[in-house]
Number of protein chains: 2
Amino acid sequence: MTTMLEVAKRAGVSKATVSRVLSGNGYVGEETRARVFRAIEESGYRPNLLARQLATRKSQTLGLVMTNTLYHGSYFSDLLSQAAQMTEACGRRLLLADGKHSAAQEREALQHLLDLRCDAIMIYPRFLSPDEMDAIIDEQRVPVMVLNRRLRKHPSHCIYSDQLSAARDAVVRLIELGHRDIAFVTGALDSPTGRDRLAGYQAALAQHGIPASQTRVREGKWTPACGAQAVASLLQDGVAFSALVASNDNMAIGALKQLHEAGIAVPEQVSVIGFDDIPTAPWVVPSLSSVRLPIREMIQETINKLIFMLEGGELGTPARFEGELIVRESVAAATSNSGTR
Amino acid sequence: MTTMLEVAKRAGVSKATVSRVLSGNGYVGEETRARVFRAIEESGYRPNLLARQLATRKSQTLGLVMTNTLYHGSYFSDLLSQAAQMTEACGRRLLLADGKHSAAQEREALQHLLDLRCDAIMIYPRFLSPDEMDAIIDEQRVPVMVLNRRLRKHPSHCIYSDQLSAARDAVVRLIELGHRDIAFVTGALDSPTGRDRLAGYQAALAQHGIPASQTRVREGKWTPACGAQAVASLLQDGVAFSALVASNDNMAIGALKQLHEAGIAVPEQVSVIGFDDIPTAPWVVPSLSSVRLPIREMIQETINKLIFMLEGGELGTPARFEGELIVRESVAAATSNSGTR
DNA sequence: TTGTATGCGTTATCAG
DNA sequence: CTGATAACGCATACAA
């Protein structure tokens, strides 16, 4: 690999001059500059960015910590494509680190990005608690933004949508349509999002004085198979329901399949609502309603804030995005809805 | 930031010793080692990976060049999740660079990853020609693997599935079912994949002596809107067809929508086949057949080869993956198929 | 306008 | 087993 020193010698100047030519900082004579450029061409010189990063203490890199289990569906691909696009737009590269299966590994992933001197970091925590994130933001000097969590101490360093109230609103909508027997399939309950959506379901019932029956709730782990299993289990136990809320679209799709196999019509007999993952254009999954969270907008806001901080700004207002409930004709009123009985 | 030197001073040893303790290379006295570890704890020392990378000339990083326009659908998310997962599995991080909208930008993205001294690089070319990729592999010493392209000079440095024959097989399948009037919606024709799929369509027709009529082909650019537009255009021109092949699932879905609005039943009147993007479980899009390419397996093979080269191996055999044609009952025989007339 | 010298935080080579 | 010391390749303050 040809280095800056060789270019300098070939051009008959010092390293410093070559450096100036490349960075554009400082004055360089017109003719010298030309000589340097020619030397660069001739030698096929390429700057070593590692060396530059070490010297400038900047890496032109944005780090993203995220658990690989989230890597499925359009929610993820939206998130990532938006992140990659905006990162490029501000002249940097996106560095991915997987949080894997535990808090320790998630911490390690974050730490690695810090050790690599990323200019700024986004984290979509799966295991680390908000309080721990607060602590990390305190002790680190690099800009850090937390996705999908609400922080107590640094409310402006996070972007979140209120998962609980989005879920609540969806269920309330069903209740207003006359549904009373609403079944629910949870997500993984070690995930905050999974817990929030369950809590939203429970809140909606409570708010309308409907007793929360444990028998209508089944625990899932985000996969279609879990959704199918949940429906099978509900049917087997003879639980009646005229509506079903699944904590994500993948499980909802599994549920649709199982309902289909049981000969139960959707939405004529049972209305189904999911969350997030599947593009919900009616002609894709005609029978499914869904709550879509504005992930692209959230990423946009996140990176804007990071850039703002990189330029020395102080963060002010916290930002929260509401889930957007996409309800189509496919959600039937309970009155016209025979349920599973 | 506390450096290695400070740790050394605190432990009453030299930098070299601290380095040895951390890297595990070389002998260090038991008691000294303990002192060093304590000093590290006390000072909250973190190694600067940039400095380490500069000194070792390794970055523990895998680079991926890919155009952001590919960032949609499950094809992308499969690709990326597999890449990220395997990268982590070999103790590295994934670095993303966007090829954007031109060959120049794609070259630049690749060059940037090289300048960052990625240990190895994967590229899913959108604009760069196979010959140029061959040239790049020649002049670069880092392991490079090319996705979805067939290289002449370095056939073992690429992983590709034969897009042409996968498309051909799909169309042949329709022909064997008795279809003769088969419409086709192309992808963007500046993309090799788009051209290959069109060529596959034409090859199938030629192979069975069916005259290729330009009137049954419409040009699209991968989006659902293009699929809808293509169908609208076919219908408006009074073109009869009993089957429709769209060059990806997004366009197929747009086509489904437009057919639906025109009151044409799928697959009773028209059979539809797409490619790649949408999870094709029957209960998701019941009326759509699709050709799925094994992207996860391709990424796996790619990274395995890169690792093999990093360990000094010489690449032997080229690898090619066939597309897997997923045909469901939704493809009707032409005999029972009334077409659009 | 250009060159010199020093720093960035490690690793690695030799002596001791 | 440990300590100087020289790379690694570039940026930059300070002189000239």
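The figures that follow rest on heavy atoms only: side chains count, while hydrogens, waters and symmetry mates do not. A, B, ... follow the sequence lines: proteins, then strands. Residue 1 opens every chain.
Atoms CD (E30(B)) and C1' (dT2(D)) sit 15 Å apart, rounded to a whole Å. Atoms CG (N48(A)) and P (dA7(D)) sit 17 Å apart, rounded to a whole Å. Summarising the geometry, the separation between CD on E6(A) and P on dC8(D) is reported as 10 Å, rounded to the nearest angstrom. Taking atom CG of D115(B) as the reference point, atom C1' of dG9(D) lies 13 Å away to the nearest angstrom. At whole-Å resolution of the value, CG in L116(B) and P in dC10(D) are 13 Å apart. At whole-Å resolution of the value, CG in L5(A) and P in dT6(C) are 17 Å apart. Distance NZ (K9(A)) to C1' (dG3(C)): 16 Å, rounded to an integer number of Å.
Which of dT4(C), dC10(D), dT10(C) sits closest to the side chain of M4(B) comes down to dT10(C). The side chain of K15(A) lies closest to dA11(D), out of dT4(C), dT2(D), dA11(D). Taking every side-chain heavy atom of L54(A) into account, dG9(D) is the closest of dA12(C), dT2(D), dG9(D). For R20(A), the listed nucleotide lying nearest its side chain is dT2(C); candidates were dT2(C), dC1(D), dC14(C). Nearest nucleotide to the S19(A) side chain, out of dT12(D), dT10(C), dG3(C): dT12(D).
Here T56(B) does not reach the OP1 or OP2 of dT11(C): none of its side-chain N or O atoms lies under 4.0 Å away. Phosphate contact (OP1/OP2 of dT12(D), side-chain N/O of N25(A), threshold under 4.0 Å): present. Of the side-chain N and O atoms in Y45(A), one or more sit less than 4.0 angstrom from OP1 or OP2 of dC10(D). Distances shorter than 4.0 Å separate none of the side-chain N or O atoms of S23(A) from OP1 or OP2 on dC10(D).
Residue contacts shown for R117(A) are absent, as no nucleic acid heavy atom lies under 4.0 Å away. Contacts of S14(A) with the nucleic acid, taken as non-hydrogen atoms under 4.0 Å apart, include base atoms. The residue V13(B) sits close only to the backbone: its heavy atoms come under 4.0 Å of sugar-phosphate atoms, none of a base.
When atom types are taken as modelled, the side chain of T61(B) and the backbone of S59(B) share a donor-acceptor pair closer than 3.5 angstrom. Of the possible donor and acceptor atoms, one in the side chain of T87(B) sits under 3.5 Å from a partner among the backbone N and O of A83(B).
For the residue pair H157(B) / D134(B), no side-chain donor-acceptor distance below 3.5 Å is found, with atom types taken as modelled.
Side chains of L22(B) and I40(B) form a contact here, defined as non-hydrogen atoms less than 4.5 Å apart. By the 4.5 Å heavy-atom criterion applied to side chains, V13(A) and R35(A) are counted as neighbours.
With the nearest nucleotide of DNA chain D identified for both A51(B) and A16(B), A16(B) has the one nearer the 5' end.
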